[in-house]
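All values below were derived from every heavy atom in this structure, side-chain atoms included, with hydrogens, water molecules and symmetry-related copies excluded. Ligands are counted one by one from 1 in listed order, and the atoms in each one are counted from 1 as well.
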Amino acid sequence: MAYDDRNFLDGLQWLWGTGFLSPGGPQAVAEILQTTDIRGQSVLDFGCGIGGIDQLLVTVYGAAKVTGVDVVPSLVDKARVDAETLGLSDRIEYQLIEPGTLTFPDQSFDVVFSKDTLIHLPDKLAICQELFRLLKCGGVFVGSDWLGGDTTATSPRVREWLDFSKLDFHFCTASELHEHLRCARFESVVLRDRNKWYRRGVREEIDRVSGANYADFAERFGEDQAATRLKSSTLKKAVVDAGELRPTSFRAVKPPQI
Ligand SMILES: C[S@@+](CC[C@H](N)C(=O)[O-])C[C@H]1O[C@@H](n2cnc3c(N)ncnc32)[C@H](O)[C@@H]1O
């Protein structure tokens, strides 16, 4: 995974904002949390990246405590240092995990949050079951992820984008994610397809690395990185426009009694 490459990381933040390794920034977090009040709650952020979202969860959304977990040591280190620098380390803590191992006891959290991380995991049912285990009864699993459309699995357009960008993504469709959440025993499952929103978003990404911005990007991160980023975003745009990449928000509830 390239997340431990400093240039790659800085390039993502150039596209999506400081502290964010996924599109949308604070507005995307607001969209995800629109019907979920996390004030005073203990929150697990699964796949926390460098922690920009965790800072929002405590300062804007009033979470009592956020525990961020991720599999990349340099990301967890940066998230931890940034939380300390901002004086938030009494409310945000981080844990480096091995893929597939969450060692928290059953019913540790009121809320599980996750943004654009499930795409990295091949077994969506297993992670849904594990996150269900970690939630208290009545707790909420809320987040967003990059889902595919009906043609994504077989699309040459998707293959070209993933191969060029060296991305090891594991897509599922909205109905498959819905099914996994239900199989894991979540209730009140709601999914919101954000493909239309990201059609605009991906155009903005291309603007950030083309035209007059291309030279700035190349000066900061090198000509190779600029050319790669522009081509990768352009290939992604074709995939988004074809409906084969569908960022989707979700919310699911662990029943109050099980
Ligand atoms: C697209 S980034 C999103 C990071 C953060 N949620 C954000 O939106 O800024 C995906 C994150 O998932 C993490 N990740 C990948 N595989 C994982 C796994 N098996 N368990 C936990 N995190 C994982 C990556 O290291 C990366 O930080």
Side-chain angles (χ1 to χ4, degrees), residues 1-6 8-33 38 43-58 60-61 63 66-83 92 94-104 109 111-131 133-134 141-147 161-162 165-172 180 194 197-198 201-202 205 229 232-233 236 245-250:
M1 210 175 297
Y3 290 115
D4 53 4
D5 176 328
R6 186 62 204 257
F8 176 76
L9 211 60
D10 288 348
L12 292 185
Q13 291 181 84
W14 173 282
L15 291 185
W16 293 327
T18 303
F20 295 93
L21 302 185
S22 65
Q27 284 166 338
V29 178
E31 199 280 334
I32 290 167
L33 290 175
I38 64 167
V43 181
L44 173 70
D45 181 9
F46 179 71
C48 60
I50 51 176
I53 290 176
D54 306 323
Q55 296 159 19
L56 290 178
L57 297 182
V58 297
V60 175
Y61 295 96
V66 174
T67 304
V69 297
D70 205 285
V71 294
V72 178
S74 56
L75 300 185
V76 172
D77 289 346
K78 175 159 173 48
R80 191 177 287 128
V81 167
D82 288 354
I92 307 178
Y94 289 101
Q95 204 179 98
L96 179 66
I97 58 166
E98 290 294 323
T101 55
L102 286 159
T103 54
F104 304 100
F109 301 98
V111 174
V112 173
F113 181 98
S114 182
K115 185 160 190 299
D116 301 346
T117 296
L118 303 183
I119 184 73
H120 291 293
L121 282 80
D123 191 342
K124 318 284 185 209
L125 174 58
I127 189 61
C128 289
Q129 288 170 326
E130 187 59 354
L131 297 175
R133 179 185 76 75
L134 297 182
F141 176 28
V142 69
S144 73
D145 231 280
W146 285 15
L147 304 189
W161 166 49
L162 298 183
S165 310
K166 302 188 178 66
L167 292 168
D168 184 22
F169 281 172
H170 305 275
F171 286 100
C172 70
H180 293 321
R194 306 259 292 143
W197 161 75
Y198 199 45
V202 77
E205 279 175 34
R229 176 57 59 200
S232 172
S233 291
K236 182 169 61 177
L245 168 57
R246 314 193 72 86
T248 298
S249 303
F250 58 82

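Put simply, part of Cys48 is less than 4.0 Å from ligand 1, judged by heavy atoms.
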For a side chain to side chain contact (heavy atoms under 4.5 Å, CB included) check, start with the C-alpha distance between Phe141 and Ser114, then their side-chain angles and the critical distance, and finish with the verdict. CA-CA 8 Å; Phe141 176 28; Ser114 182; 4.1 Å; yes

Would His120 and Tyr3 count as a ring-ring contact (aromatic ring centres under 6.0 Å, His included) here? Give the steps. CA-CA 12 Å; His120 291 293; Tyr3 290 115; 5.4 Å; yes

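Here the shortest heavy-atom distance to atom 18 (C) of ligand 1, taken over Asp145, Val76, Val71, belongs to Val71. Looking at Phe20, Trp146, Phe46, it is Phe46 that brings a heavy atom closest to atom 20 (N) of ligand 1. Taking all heavy atoms of Ser22, Gly49, Gly17, Ser74 into account, the minimum distance to atom 7 (C) of ligand 1 is reached by Ser22. Ranked by closest heavy atom to atom 3 (C) of ligand 1, the top entry among His120, Gln13, Lys115 is Lys115.
Taking distance alone, with nitrogen or oxygen atoms compared against 3.5 Å, Val69 stays at or beyond that limit from ligand 1. Polar contact with ligand 1: present for Thr117 (N/O pair, distance under 3.5 Å). By the 3.5 Å distance cut-off applied to N or O atoms, Val72 is not counted among the residues near ligand 1. Some N or O of Asp70 is nearer than 3.5 Å to an N or O of ligand 1, by distance alone. Taking only nitrogen or oxygen atoms, main chain and side chain alike, Asp45 does not reach within less than 3.5 Å of ligand 1.
The aromatic rings of Trp161 and Phe171 are tilted relative to each other, their planes meeting at an angle between 30° and 60°. Under the 30°/60° scheme for interplanar angles, the aromatic rings of Trp146 and Tyr198 are found to be tilted.
A search for side chain to side chain contact (heavy atoms under 4.5 Å, CB included) contacts involving Leu121 returns Phe46, Thr117, Ile127, not counting sequence neighbours. For Gln129, the side chain to side chain contact (heavy atoms under 4.5 Å, CB included) test picks out Leu125, Ala184, with sequence neighbours left out.
With a 4.0 Å heavy-atom cut-off, ligand 1 is reached by the side chain of Leu121 but not by its N, CA, C or O. The residue Ile50 has no part lying near ligand 1, judged by heavy-atom distances below 4.0 Å. Only side-chain heavy atoms of Ile53 come within less than 4.0 Å of ligand 1; its backbone N, CA, C and O stay farther off.
Taking CG from Leu33 and CG from Leu57, the interatomic distance works out to 6.5 Å, rounded to the nearest 0.5 Å. In this structure, CZ on Phe113 lies 8.0 Å from CD1 on Ile38, to the nearest 0.5 angstrom.
A donor-acceptor pair is defined here as one N or O able to donate and one able to accept, closer than 3.5 Å; such a pair exists between the side chain of Asp70 and the backbone of Cys48.
Atom numbering of ligand 1 starts at 1 in the shown order; those under 4.0 Å from a heavy atom of Leu75 are 25 (O), 27 (O).
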